[in-house]
Amino acid sequence: MIIMTSRQQILKLYKTMLRESQKFPSYNFKQYAVRRVHDAFKENRSLTDAKFIENQLKEAYRNLDIIKRQVIIGQLYSTEKLVIENIEKNKK
Amino acid sequence: MSGIVKNIRALTRHSCYFRAYSVRPLAVTLQKSHTVQQEPVHQQNLLSYTQTRFYSPEIKKTKPSEEEIKERVLKVCASYDKVTADKRLITPHERSYSAKPPLTLKLISERVLLVLQLYDKINPDKLNLKSHFINDLGLDSLDHVEVIMAMEDEFGFEIPDADAERLLTPADIVRYVGDREDVYE
């Protein structure tokens with residue numbers, strides 16, 4: 001596992017980004033981040049150019065740091081939950 | 001209040017460096033002025049400016065008398081309710097812990113299939129325990145990661161990536177969860 005192929009690395013990155021995106025306290029940011037991560041990875045599924053893939057990976061790691069920072073800031077200055085979120089909780 | 005008055009009187013008599021404290025250290029200042037009186041020669045050499053600082057006098061609490069203490073003790077004893085005291089002394093014999101619902105393999109497989117049915121990329125008709133995610137259900141590796149994440153959320157424990165890439169059918173997942181949760185049938 002320590003020696004990761006790039007495929008495993010990408011899948012691990014995908015999972016990490018999704019996990020961090022779900023930590024957003026704000027409903028809007030959370031939904032946007034999850035959807036954007038999903039769409040971006042889906043879009044770049046069938047890439048073959050190694051250099052391009054490397055660039056995309058760097059971009060992804062940078063975005064992961066952004067997500068982590070914004071999660072912490074959002075938790076510091078959180079607001080009330082939206083009405084939609086209360087409905088979701090009741091449904092569960 | 002009387003302490004401050006005393007200080008002002010002492011102040012007017014001796015034009016020395018004074019500091020007026022609250023009631024308790026008053027004795028200190030008076031003693032100081034007393035020692036100065038014994039050396040009148042040096043008094044002229046001292047600067048004839050006066051500086052006083054007034055602090056709020058301490059509120060002295062009078063110590064309660066024995067009668068008062070007796071009364072208060074009796075009052076506390078009288079209000080000692082025997083009924084509540086009994087309830088308090090007896091320790092509760094049952095302890096409540098939080099626990100997960102008891103898992104059986106059947107329950108695990110039901111939950112796994114439910115989660116997969118809720119996933120919109122999977123066709124519920126084709127879904128059964130033996131259907132392969134990639135070959136039969138047409139998911140790709142990214143969808144597989146999402147499915148594994150959903151399983152982690154459902155059962156409340158993390159599945160490491162090394163194990164996750166080997167779980168390619170619902171039956172595998174059910175067996176893996178059973179192994180993790182020690183569910184043997």
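Reckoned from all heavy atoms, side chains included, excluding hydrogens, waters and symmetry mates. Letters go in sequence order (proteins before strands), and every chain restarts at 1.
We find the CD-CD distance between A:Q8 and B:E165 to be 4.5 Å, quoted to the nearest 0.5 Å. Interatomic distance, OH of A:Y14 versus CE of B:M149, reported as 8.0 Å (0.5 Å rounding). Between the CG atom in B:D161 and the OG1 atom in A:T16 there is a gap of 7.5 Å [rounded to 0.5 Å].
In terms of heavy atoms, A:K15 sits closest to B:I159 at NZ-O, 3.3 Å.
Crowding of B:F157 atom CZ: a count of heavy atoms from other residues, nucleotides or ligands under 6.0 Å exceeding 12. Atom CZ of B:R180 sits in a crowded spot, with more than 12 heavy atoms from other residues, nucleotides or ligands closer than 6.0 Å. Atom CZ of A:F29 sits in a sparse spot, with 12 or fewer heavy atoms from other residues, nucleotides or ligands closer than 6.0 Å. Few gaps surround CD on B:E110; more than 12 heavy atoms of other groups in view lie less than 6.0 Å from it.
There is a path of hydrophobic side-chain contacts, each under 4.5 Å, that joins B:L107 to B:I173.
Between A:R19 and B:E152, at least one side-chain nitrogen of the basic residue sits less than 4.0 Å from a carboxylate oxygen of the acidic one, meeting the salt-bridge criterion.
Using a 4.5 Å cut-off on side-chain heavy atoms (C-beta onward), A:K42 and B:D140 make contact.
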